[in-house]
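Quick note on labels: first sequence line is chain A, next is B, and so on, each numbered from 1.
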Amino acid sequence: MAGGIRVRFAPSPTGHLHIGGARTALFNWLFALHNRGRFILRIEDTDTTRSTDEYIEAIIQGMTWLGLDWDEGPFRQTDRFDIYRGYVDRLITEGKAYYCYCSSEELEARRQEAMALGRPVMYDGRCRGLKEPVAGVTPVVRFRMPQDGHTIVHDLIHGVVEFDNAHLDDLIILRSDKTPTYNFTVVVDDVDMRITHVIRGDDHLNNTPKQIQMYRALGYEIPKFSHLPMILGADKTRLSKRHGATSVMAYKEMGYLPDALINYLVRLGWSYGDQEIFTRDELVRHFSFESVGKAAAVFNPEKLLWLNSQYIMKSSPETLAEQVVPFLVNEAILAEGDIVDKGWLAKAVKTLQERSKTLVELASSLRYYFADPAAYDEKARTKFLNDKGLQLLAELRSSLNELHDYTHDGIEKIFSAIVERHGIKLGAIAQPVRVALTGGTVSPGIFEVIEIIGKETTIRRIDKAIAAGPE
RNA sequence: GGUCCCAUCGUCUAGCGGUCUAGGACGUGGCCCUCUCAAGGCUAAAACACGGGUUCGAUUCCCGUUGGGACCGCCA
């Protein structure tokens with residue numbers, strides 16, 4: 001019966017796909033794949049004033065970039081209003097829902113008052129027994145909650161959670177503009193789409209007993225629930241823009257790899273022994289709610305960055321070369337439409353992989369493979385492009401010029417000869433060359449750099465350094 | 001304020017009564033490697049919130065306290 005599992009990710013398009021939503025989507029996706037079930041994408045856009053098509057597009061983009069592919073959908077709740085109204089009518093007919101004529105202003109005032117008096121903040125049910133409509137008022141429809149007894153939520157992560165029905169209030173299921181509200185549509189859709197497991201953030205745990213009552217009123221089977229712990233910012237409050245980038249696509253722009261983000265997100269709440277790095281297959285194979293924790297997790301950008309560096313290190317140079325191109329354009333190292341020799345780029349990328357934590361960093365480090373240094377780092381220049389350094393550079397230049405075996409090994413031999421002849425350390429010549437070629441004191445191994453830059457360019461840059469003279 | 005959830009190093013976590021002088025990872029410090037920077041290796045500092053029980057024995061089970069979070073909307 002494993003094939004019967006159906007889960008869904010149900011974001012509301014009132015913003016971009018954010019870190020928390022992505023983690024929820026990821027756990028749904030993993031659970032579906034692990035159980036050979038179906039993963040459904042449903043857009044909860046019943047709040048027509050805040051939902052936009054742009055955000056729907058943004059969410060889809062985020063999911064796509066992360067590789068969280070869905071089997072059905074995206075469905076939009078705004079396409080299903082007729083369905084919800086049918087269910088509302090049915091509940092009214094059966095006396096399980098009723099019209100409420102209280103205005104939102106009145107309601108708000110009562111809420112304030114209750115809050116101030118320290119009384120429970122909930123609807124008092126004053127329209128429950130109304131027989132006649134109130135003239136001139138378009139009513140909302142409220143769901144009639146049971147007032148005694150208990151509702152038990154069986155949660156795959158939290159176990160048994162019990163709620164006293166006295167604390168459940170008659171929530172609005174149909175607004176005065178005849179649009180349905182979340183707590184109702186979510187139930188109708190989960191039933192309609194035959195969702196077997198509701199996996200969402202634990203900020204929904206308190207809504208669950210209300211939803212369970214609606215399943216019952218509708219006469220439907222109750223799905224299994226899994227309420228995932230929240231992701232918090234460094235100050236332990238709910239993750240938000242104040243904590244930095246929260247949109248998934250912002251991480252793409254900052255040069256993160258989707259696999260790295262996925263790996264980071266999955267470890268926020270889930271673990272598998274001491275393992276930190278997982279392939280997607282491993283994730284799918286090992287995922288289980290038994291190893292999902294209950295405590296909220298603080299989002300730690302440093303660890304994400306480390307993971308990203310690990311993924312960059314493990315990527316193939318060819319793939320990375322492909323991925324870095326847009327970032328080279330951003331850095332103005334390449335122009336849009338420039339043709340690059342991908343084989344050559346891959347070689348250059350290879351030297352920088354273990355030195356770059358993001359694609360942005362990689363692109364920026366790649367600069368000196370493309371262009372002569374615009375200037376020399378001042379400190380580097382005084383330290384290494386002095387008389388002695390320049391003299392060694394001149395010697396190196398002529399050896400290099402006559403070198404036929406222009407490879408890493410051939411280049412190394414030349415350096416060895418110079419080092420031996422002068423009885424100096426390799427650094428004494430390597431650093432001046434590094435400054436001449438890259439403009440600074442930091443780069444991959446100098447033989448590799450010289451090889452990749454090529455003889456002509458190398459000699460030109462050495463000549464430029466010599467021409468610039470000692471500072 | 002009410003309801004619900006949660007609680008191991010700064011952070012993510014392992015631990016599912018004895019194996020814990022509490023393990024791993026990020027970050028931080030030191031050392032090694034070394035043409036610079038990284039990467040890598042080794043190493044150090046760093047936690048079971050507190051108080052009661054239960055038990056021969058609690059980080060692990062129960063209760064309370066404290067602390068944190070979420071929800072309480074004609075938002076989702």
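Partners of A:Glu162 according to the side-chain contact (heavy atoms from CB on, under 4.5 Å) rule, which considers only residues two or more places apart in sequence or in another chain, are A:His150, A:Ile152. Take A:Arg280 and apply the salt bridge (charged side-chain N to carboxylate O under 4.0 Å, His left out) test, not counting sequence neighbours, and it matches A:Asp259. By the side chain to side chain donor-acceptor pair (under 3.5 Å) test, A:Asp377 pairs with no residue at all, sequence neighbours left out.
The heavy-atom pair separating A:Val349 from A:Ala321 by the smallest distance is CG2-CA, 4.0 Å. Across all their heavy atoms, A:Ile450 and A:Thr458 have their closest contact at O-OG1, 3.5 Å. Looking at every heavy atom in both residues, A:Glu448 comes nearest to A:Thr351 through OE1-CG2, 3.7 Å. When all heavy atoms are compared, the tightest approach of A:Leu232 to A:Ala296 is CD2-CB, 3.4 Å.
When ring centroids are compared, A:Phe299 and A:Tyr264 come within the 6.0 Å threshold. Taking the six-membered ring where the residue is Trp, the centroids of A:His197 and A:Phe27 are separated by 6.0 Å or more.
Spacing between B:G23 and B:A45 at atom P, rounded to whole Å, works out to 11 Å. Distance check on atom C1': B:G29 versus B:C9 gives 16 Å, rounded to whole Å. One C1' atom belongs to B:G68, the other to B:C26, and the distance between them is 23 Å to the nearest Å. Here, B:G27 and B:U11 have their C1' atoms 8 Å apart, quoted to the whole Å. Rounded to the nearest Å, the gap between the P atom of B:G67 and that of B:G30 is 39 Å. Nucleotides B:U13 and B:U21 have their P atoms positioned 25 Å apart, rounded to a whole Å.
Atom CG in A:Leu232 sits roughly 15 Å away from atom C1' in B:C71 (whole-Å rounding). Distance, A:Ile277 CD1 to B:G24 C1': 13 Å, rounded to whole Å. Between A:Arg110 atom CZ and B:C72 atom P the separation is 18 Å, expressed in whole Å. Between the CG atom of A:Asn207 and the C1' atom of B:G73 there is a distance of 11 Å, given to the nearest Å.
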Nucleotides 60-67 of chain B: protein proximity per nucleotide (B base, S sugar-phosphate only, - neither; heavy atom, under 4.0 Å): --------
Could you run down nucleotides 5-13 of chain B 5' to 3' and tag each one B, S or - for protein heavy-atom contact under 4.0 Å? SSS---SBS
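Pairs engaging residues 139-161 of chain A under the salt bridge (Lys or Arg N to Asp or Glu O under 4.0 Å) rule: none recorded [sequence neighbours left out]. Counting only residues at least two apart or on different chains, the side chain to side chain donor-acceptor pair (under 3.5 Å) pairs with a member in residues 302-312 of chain A are A:Asn263-A:Tyr311, A:Glu276-A:Lys303. Sorted by first then second residue, the salt bridge (Lys or Arg N to Asp or Glu O under 4.0 Å) pairs that include residues 225-242 of chain A, not counting sequence neighbours, are A:Asp203-A:Arg238, A:Asp235-A:Arg242.
When heavy atoms are screened at a 4.0 angstrom cut-off, A:Lys210 is found touching no nucleic acid atom at all. When heavy atoms are screened at a 4.0 angstrom cut-off, A:Asp45 is found touching no nucleic acid atom at all. At the heavy-atom level, A:Phe415 lies nowhere under 4.0 Å from the strands shown. Across all strands shown, A:His227 has no heavy atoms under 4.0 Å from either base or sugar-phosphate atoms. Residue-level contact check: A:Thr237 touches the backbone only, with heavy atoms under 4.0 Å from sugar-phosphate atoms and none from bases.
Partner assigned to B:A76 is none, using Watson-Crick or G-U wobble distances below 3.5 angstrom. Within the shown strands, B:A44 is the pairing partner of B:U28 under the Watson-Crick or G-U definition, both distances less than 3.5 Å.
For RNA chain B, the neighbouring residues in residues 180-190 of chain A, judged by any heavy atom under 4.0 Å, are A:Thr181, A:Tyr182, A:Asn183. The stretch residues 431-444 of chain A touches RNA chain B through A:Gln431, A:Arg434, A:Thr441, A:Val442, A:Ser443, A:Pro444, each having a heavy atom within less than 4.0 Å of the strand. Sorted by residue number, the list of members of residues 286-293 of chain A with any non-hydrogen atom under 4.0 Å from RNA chain B is empty.
In this model, the phosphate group of B:C72 is not approached by any side-chain N or O of A:Arg111 to a distance below 4.0 Å at OP1 or OP2. In this model, the phosphate group of B:C71 is approached by a side-chain N or O of A:Arg238 to a distance below 4.0 Å at OP1 or OP2. Phosphate contact (OP1/OP2 of B:C71, side-chain N/O of A:Arg200, threshold under 4.0 Å): absent.
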Could you give me the CA-CA distance, side-chain angles and deciding distance for A:Ser12 and A:Tyr182, then say whether side chain to side chain donor-acceptor pair (under 3.5 Å) is met? CA-CA 10 Å; A:Ser12 78; A:Tyr182 163 76; over 6 Å; no
Review item, nucleotides 40-50 of chain B N/O atoms under 3.5 Å of protein N/O:
from	atom 1	to	atom 2	distance (Å)
B:G40	OP1	A:Gln310	NE2	3.4

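Partner of A:Phe9 under the side chain to side chain contact (heavy atoms under 4.5 Å, CB included) criterion, out of A:Met63, A:Arg42, A:Arg200: A:Met63 alone.
Using a 4.0 Å cut-off between a side-chain N of Lys or Arg and a carboxylate O of Asp or Glu, A:Glu108 and A:Arg111 qualify as a salt bridge.
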